[in-house]
Amino acid sequence: MKRLIVYYSLSGNTEEAAKKIAEALDADIMKLETVKKMPKAFLAQMLVGGGQVMMKYIPELKPLEKDANEYDEIILGSPIWNSKGVPAINAFLKDGKAAAKVTSLFFLSGGGEVEKGLAAITKLLPNLKNTVSLLDKKHELSKDNGSKIEDFIKKVSGQQ
Ligand SMILES: Cc1cc2nc3c(=O)[nH]c(=O)nc-3n(C[C@H](O)[C@H](O)[C@H](O)COP(=O)(O)O)c2cc1C
């Protein structure tokens, strides 16, 4: 089984999980990056990111380093941003063939409202089987991320 981890991460939480999952599954890994950079300050990120989500903005991605067609399955990593999905993830999932290869999703949130944001991502994933909800490292319960990732890896690799 040839697997690719595809993720977007603005402040590093999704990236940390993506690297752990890629290592455990011996999978390739690809970070999505937008041509136009997001601001560095948190408040500005909330304003710009929140606005993009509201406007259903689809950003231009930097050229993809891997070709989804060469993989059997994709494991997608996304933060939760408000209620219409993360713009960079939406841009990647515009490729329906790539979206159909996503069998598993790990997502990061600040511990707030996730249902709408999650629904916005999952409705684009017709073959989704495994999902795990992880918490930003600022959240006290993020200490459980490690064991949740281990369970997720077992499910993805068919051991559970
Ligand atoms: C624009 C924006 C919107 C967000 N909206 C939510 C939200 O609706 N609910 C939530 O629990 N966390 C929300 N968050 C927090 C992120 O999901 C959380 O910090 C996550 O760990 C970020 O992942 P990253 O470090 O990989 O970028 C939001 C963050 C940003 C930047």
Side-chain angles (χ1 to χ4, degrees), residues 4-22 27-69 71 73-146 148-149 152:
L4 177 64
I5 315 293
V6 177
Y7 71 96
Y8 174 78
S9 183
L10 189 54
S11 55
N13 290 274
T14 313
E15 180 157 78
E16 196 179 313
K19 286 183 175 164
K20 278 189 191 148
I21 293 166
D28 286 350
I29 185 164
M30 175 169 75
K31 181 176 187 172
L32 301 176
E33 288 189 87
T34 54
V35 171
K36 211 171 159 195
K37 284 204 170 115
M38 286 287 288
K40 289 214 159 48
F42 180 69
L43 263 178
Q45 287 178 352
M46 293 299 282
L47 277 174
V48 172
Q52 288 183 351
V53 171
M54 235 167 61
M55 304 300 290
K56 297 188 182 173
Y57 170 72
I58 302 284
E60 188 185 340
L61 295 177
K62 287 189 183 169
L64 301 179
E65 287 166 5
K66 312 267 185 216
D67 179 359
N69 288 311
Y71 292 86
E73 79 178 351
I74 292 175
I75 298 160
L76 189 67
S78 176
I80 291 293
W81 282 12
N82 303 31
S83 56
K84 297 197 175 64
V86 174
I89 294 285
N90 288 341
F92 176 70
L93 296 176
K94 274 188 95 68
D95 174 356
K97 266 169 94 182
K101 290 208 173 188
V102 178
T103 62
S104 309
L105 171 73
F106 58 100
F107 68 90
L108 268 293
S109 78
E113 160 72 32
V114 298
E115 281 76 14
K116 283 185 188 161
L118 183 60
I121 304 171
T122 53
K123 79 169 187 210
L124 302 172
L125 307 174
N127 297 314
L128 186 66
K129 294 189 196 86
N130 312 298
T131 304
V132 65
S133 165
L134 304 170
L135 286 164
D136 191 286
K137 53 182 171 286
K138 289 193 210 110
H139 196 289
E140 56 177 329
L141 294 179
S142 65
K143 61 179 174 10
D144 298 335
N145 283 357
K148 287 192 209 168
I149 289 174
F152 178 70

Practice problem: Could I get the full list of side chain to side chain contact (heavy atoms under 4.5 Å, CB included) partners for Leu135, not counting sequence neighbours? | Solution: Ser109, His139, Leu141, Ser142, Asn145
Practice problem: Please name the pair of heavy atoms, one in Ala98 and one in Ile74, separated by the smallest distance, quoted to 0.1 Å. | Solution: O-CD1, 3.7 Å
Quiz prompt | Test side chain to side chain contact (heavy atoms under 4.5 Å, CB included) applied to Thr131 - qualifying residues, sequence neighbours left out | solution = Leu105, Phe107, Leu128
Quiz prompt | Which residues share a salt bridge (charged side-chain N to carboxylate O under 4.0 Å, His left out) with Glu16, sequence neighbours left out | solution = Lys20
Self-check item: Thr14 to Ser78 - nearest heavy-atom pair and separation
Solution: CG2-N, 3.7 Å
Quiz item: Does some side-chain heavy atom of Asn13 sit less than 4.5 Å from a side-chain heavy atom of Leu134?
Solution: no
Self-check item: With sequence neighbours excluded, residues passing side-chain hydrogen bond (donor to acceptor under 3.5 Å, both in side chains) with Asn82
Solution: none
Quiz prompt | Contacts of Tyr8 that satisfy ring-ring contact (aromatic ring centres under 6.0 Å, His included) - sequence neighbours left out | solution = Trp81
Quiz item: Which pair of heavy atoms, one from Gly85 and one from Ile121, lies closest together, and at what distance?
Solution: CA-CG1, 4.3 Å
Exercise. Can you establish whether the number of heavy atoms outside Lys137 located under 6.0 Å from its atom NZ is more than 12?
Key: yes
Check: residues 35-59 side-chain donor-acceptor pairs under 3.5 Å, at least two apart:
| unit_1 | atom_1 | unit_2 | atom_2 | d |
| --- | --- | --- | --- | --- |
| Gln45 | NE2 | Pro39 | O | 3.0 |
| Gln45 | NE2 | Lys40 | O | 3.3 |

Exercise. Can you sort out the partners of Ser9 under side-chain hydrogen bond (donor to acceptor under 3.5 Å, both in side chains), two or more places apart, ordered by chain and number?
Key: none
Exercise. Tell me, please, which residues at least two apart from Lys19 pass side chain to side chain contact (heavy atoms under 4.5 Å, CB included).
Key: Glu15, Ile29
Exercise. Could you tell me which residues satisfy side chain to side chain contact (heavy atoms under 4.5 Å, CB included) with Lys123, sequence neighbours excluded, listed by chain and number?
Key: none
Practice problem: Apply side chain to side chain contact (heavy atoms under 4.5 Å, CB included) to Val132 and Ile149, showing your working. | Solution: CA-CA 8 Å; Val132 65; Ile149 289 174; 5.6 Å; no
Exercise. Grab the two heavy atoms, one from Ala100 and one from Pro126, that are nearest each other, plus how far apart they are.
Key: CA-CG, 4.1 Å
Quiz prompt | Point-to-point distance, once rounded to the nearest 0.5 Å, from OG1 of Thr122 to CG of Leu76 | solution = 11.0 Å
Exercise. Calculate, to the nearest 0.5 Å, the distance between atoms CD1 and CE belonging to Ile5 and Met30 respectively.
Key: 11.0 Å
Quiz prompt | Side-chain touch Val102/Ile75, heavy atoms, less than 4.5 angstrom | solution = no
Quiz item: What pairs meet the salt bridge (charged side-chain N to carboxylate O under 4.0 Å, His left out) rule with one or both residues in residues 86-103, with sequence neighbours excluded?
Solution: none
Quiz item: Once you round to the nearest 0.5 Å, how far does NZ of Lys31 lie from NZ of Lys66?
Solution: 14.5 Å
Quiz item: When rounded to the nearest 0.5 angstrom, what distance separates CD in Glu73 from CG in Leu4?
Solution: 10.0 Å
Practice problem: Please tell me if the side chains of Ile80 and Leu118 come closer than 4.5 Å, counting only heavy atoms from C-beta onward. | Solution: yes
Exercise. Check Ala17 against Leu108 and note the closest heavy-atom contact, atom names and distance.
Key: CB-CD2, 4.4 Å
Quiz item: Mind checking what makes side-chain hydrogen bond (donor to acceptor under 3.5 Å, both in side chains) contact with Ser104, not counting sequence neighbours?
Solution: Asn130
Self-check item: Distance-minimising heavy-atom pair for Leu64 and Leu61
Solution: CD2-CD1, 4.2 Å
Quiz item: Looking at residues at least two apart in the chain, or sitting in another chain, which of them share a side-chain hydrogen bond (donor to acceptor under 3.5 Å, both in side chains) with Asn127?
Solution: none
Quiz item: If you count the non-hydrogen atoms of other residues, nucleotides and ligands that lie under 6.0 Å from CD in Glu113, is the total more than 12?
Solution: yes
Quiz prompt | Min side-chain heavy-atom separation Leu93-Leu125 under 4.5 Å | solution = yes
Quiz item: For the atom pair CZ (Phe106) and CD1 (Ile21), what is the distance rounded to the nearest 0.5 Å?
Solution: 4.0 Å
